[in-house]
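The analysis underlying the following values was restricted to heavy atoms, covering all of them including side chains, and did not include hydrogens, waters or symmetry mates.
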Amino acid sequence: MTYKSEFLNILTERGFIHQCSDFGALDAKLMEGPQSAYIGFDATASSLHAGSLVQIMMLYWFQQTGHKPITLMGGGTTKVGDPSGKDQSRKMLDEAAIDKNIDGIKSVFAKFLTYGNGKTDAVMVNNNDWLSGLNYIDFLRDYGPHFTINRMMTFESVKLRLDREQPLTFLEFNYMILQAYDFVELYRRNDTILQMGGSDQWGNIINGVELGRRTEQAELFALTTPLLTTSSGAKMGKTADGAVWLNADMLSPYDYWQYWRNTEDADVGKFLKLFTTLPMSEIKKLEALQGQEINEAKKILANEVTKLCHGEQAAKDAESTAQQVFEQGGVGDDLPTIDIDLSQEVNVLDLLVEAGLAKSKGEARKLVQQGGARINDVAIQKADAVIRKRDFEDGYIKLSAGKKKHVLVRAA
RNA sequence: GGAGGGAUGGCAGAGCGGUCAAUUGCACCUGACUGUAAAUCAGGCGUCUUCGGACUACGUUGGUUCAAAUCCAGCUCCCUCCA
């Protein structure tokens, strides 16, 4: 199926779309001229992670195709906590923590979107601005009648909690009402007619669409992305070591590059479409690669994705370091580095812990016993081995745990 | 408010007086095979260790006992039914 609007065509072609409340009407609306759409982001951490990347890319394309994206920070709703997809209540965050998180998140958006005052410039808003001033009684009288408990009970997020016999507080129960209100508020302020989000947000978004029709006689639209998992079923953006953060101070561009480089074969094409801006013709060629050749596609994927988030130079540095480390068995500048005092000998186990390659000495010991710990690519034989100054041939050694984790250790 | 049931390692979920640092599955880590992939196979998976063992752990506080995740009591939280 093809559309008149460039935006919907690109999104469809690249696999962004899961559901839309009304494709035809939205398509027509987008052809009328620049429109405004928003996506809401929670402020539960001081950075977004790769799981949010799909939404960010969607806003990117929205702007690229001549429209106005709005990033809504959930300063107000974060105080409430979205129960969607959560089997437990979230911890309550206080206002100071939320503000701090918002500051961290803002810097990420600036890399993908152009902010300003122009017609198609992106705008950042915080729903705390209007939610915190609401009067409870007035709000209930104005908006309460538009929601029925009967219907709210049918929502996935609510059912999940009830089915699992887990508590759902009234506070969380209100989240969907506040999110619906956000949509209407943005319609009033910015003529925002479209809310996008992950497929888990469908219910919440539709609530906003309906509330807009009832209170403003407005035709609002919902557009959601498929829930992204890797082919192995893991959630996007999570690794054993934690989330794949988009802020460089929480995850180095090198590690970010590595995350994408390690994409499973089956996901390469999908990720190229979603997370890079490469033309489709090129992606088609890349995803057709088979066997060992697909590694080239993975490198391009890592380069492109890192470039978008951390800039061209960071992507190049990460790539060259990866090449030196993995293809030539050497070291690169981008490797994590620690400085070590060598006035006396250092036990390898302590060094492994110090370098962050093992959580405890016991773990380090196991690593050595299993042959997973290496110095300059030579397996450490004994757990009681020590490191001395003369082991540092060029003033550094490469310390490795497993095949992928390497740390550069320098003599201080 | 009343009556029952429950709280175990990252998650799920066994154990129900010593043989329990705790079965099993998932997740995770390492090795082999490979392509920094997947699948498969092998090992590991509380902390420390002079590798003998020591220490801390089964919601929480006490108690019974030579010995408690296991029995008893108080407390906290959760669930179900009744009001």
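Contact of the A:Ile17 side chain with the A:Thr225 side chain is not registered, since no non-hydrogen atoms from C-beta on lie closer than 4.5 Å. Annotation: side chain of A:Leu53 is not in contact with side chain of A:Tyr60 (no heavy-atom distance under 4.5 Å). Side-chain contact between A:Cys20 and A:Leu26 is present, with at least one heavy-atom pair separated by less than 4.5 Å.
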Below 3.5 Å between N/O atoms, which protein atoms pair up with nucleotides 45-48 of chain B? Just atom names and distances, please.
{"unit_1": "B:rU47", "atom_1": "OP1", "unit_2": "A:Ser360", "atom_2": "OG", "d": "3.4"}
{"unit_1": "B:rC48", "atom_1": "OP1", "unit_2": "A:Lys361", "atom_2": "N", "d": "3.0"}
{"unit_1": "B:rC48", "atom_1": "OP2", "unit_2": "A:Ser360", "atom_2": "OG", "d": "3.1"}
{"unit_1": "B:rC48", "atom_1": "OP2", "unit_2": "A:Gly362", "atom_2": "N", "d": "3.0"}

Between the protein and nucleotides 53-58 of chain B, list the N/O to N/O atom pairs that are separated by less than 3.5 angstrom.
none

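The separation between A:Asn303 atom CG and B:rU36 atom P is 16 Å, rounded to whole Å. The distance between atom CD of A:Gln258 and atom C1' of B:rA37, rounded to the nearest whole Å, is 13 Å. Summarising the geometry, the separation between CZ on A:Phe326 and P on B:rA37 is reported as 9 Å, rounded to the nearest angstrom. As a whole-Å value, the separation of A:Gln369 CD from B:rU49 C1' is 12 Å. Remark: P of B:rU30 and CG of A:Leu352 are 12 Å apart, rounded to the nearest angstrom. Put simply, CD1 on A:Ile294 is 14 Å from P on B:rU36, counting in whole angstrom units. One interatomic measurement links the two molecules: CG of A:Asp267 to P of B:rA39, which rounds to 11 Å at whole-angstrom precision. Atom CD in A:Gln290 sits roughly 12 Å away from atom C1' in B:rA37 (whole-Å rounding).
Ion pair A:Lys100/A:Asp103 not flagged as a salt bridge, since none of the NZ, NE, NH1 or NH2 atoms sits closer than 4.0 Å to an Asp/Glu carboxylate oxygen. Under 4.0 Å is where a charged nitrogen must lie from a carboxylate oxygen, and between A:Lys316 and A:Glu319 no such pair does. A:Asp121 and A:Lys68 are not joined by a salt bridge, as no carboxylate oxygen comes within less than 4.0 angstrom of a charged side-chain nitrogen. Between A:Glu293 and A:Lys299 there is no salt bridge, since no side-chain N of the basic residue sits under 4.0 Å from a carboxylate O of the acidic one.
Toward the 5' end of RNA chain B, the nearer of the two residues A:Gly402 and A:Asp265, judged by each one's closest nucleotide, is A:Gly402.
At a threshold of 4.0 angstrom between heavy atoms, the contacts of A:Trp257 include nucleobase atoms, whether or not backbone atoms are also involved. Across all strands shown, A:Ala401 has heavy atoms under 4.0 Å from sugar-phosphate atoms exclusively, and none from any base.
Look at the C1' atom in both B:rC72 and B:rU56: the space between them is 25 Å, to the nearest Å. Between the C1' atoms of B:rU30 and B:rG18, the separation comes to 35 Å (whole Å). Separation of the C1' atoms belonging to B:rG17 and B:rA67 is 8 Å when rounded to the nearest angstrom. Nucleotides B:rG31 and B:rG46 place their C1' atoms 23 Å apart, quoted to the nearest Å. Taking atom P in both B:rG43 and B:rU76, the straight-line distance is 48 Å, to the nearest Å. Taking the C1' atom of each, B:rG10 and B:rG1 are spaced 39 Å apart, rounded to whole Å. When the C1' atom is compared between B:rC45 and B:rC28, the two are found 8 Å apart, to the nearest whole Å. Distance noted for atom P between B:rG74 and B:rA3: 13 Å (whole Å).
Using the Watson-Crick or G-U wobble rule with both distances under 3.5 Å, B:rU34 pairs with nothing in any strand shown. For B:rU80, the paired base is B:rA3 (Watson-Crick or G-U wobble, both distances below 3.5 Å). Across the strands present, B:rC66 finds its partner in B:rG18; the criterion is a Watson-Crick or G-U wobble pair with both atom distances under 3.5 angstrom. Across every strand in view, B:rA12 sits in a pair with B:rU24 that passes the Watson-Crick or G-U test at under 3.5 angstrom.
Here A:Lys405 reaches the OP1 or OP2 of B:rU30: one of its side-chain N or O atoms lies under 4.0 Å away.
A donor-acceptor contact under 3.5 angstrom links the side-chain atoms of A:Lys403 to the base of B:rU34. With hydrogens and angles ignored, no donor-acceptor pair under 3.5 angstrom links the side chain of A:Gln292 to the base of B:rU34. A donor-acceptor contact under 3.5 Å is formed by the side chain of A:Gln370 with the base of B:rG43.
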| message | A:Lys307 vs A:Glu304, test: salt bridge (Lys or Arg N to Asp or Glu O under 4.0 Å). Steps then yes/no. | response | CA-CA 5 Å; A:Lys307 203 195 291 178; A:Glu304 291 297 314; 3.2 Å; yes

| said: Apply salt bridge (Lys or Arg N to Asp or Glu O under 4.0 Å) to residues A:Lys270 and A:Asp267 and explain how you reach the verdict. | reply: CA-CA 5 Å; A:Lys270 182 165 79 180; A:Asp267 291 326; 3.7 Å; yes

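Aromatic pair A:Trp260/A:Phe275: ring centres closer than 6.0 Å. Centroid-to-centroid, the aromatic rings of A:Phe109 and A:Tyr115 stay 6.0 Å apart or farther.
Side-chain proximity of A:Lys404 to the nucleotides B:rG35, B:rU36, B:rU30 is greatest for B:rU36.
The two atoms that bring A:Ala373 and A:Leu352 nearest to each other are CB-CD1, 4.0 Å, heavy atoms only.
By the rule that a glycosidic angle within 90° of 0 means syn, B:rG17 does not qualify and counts as anti.
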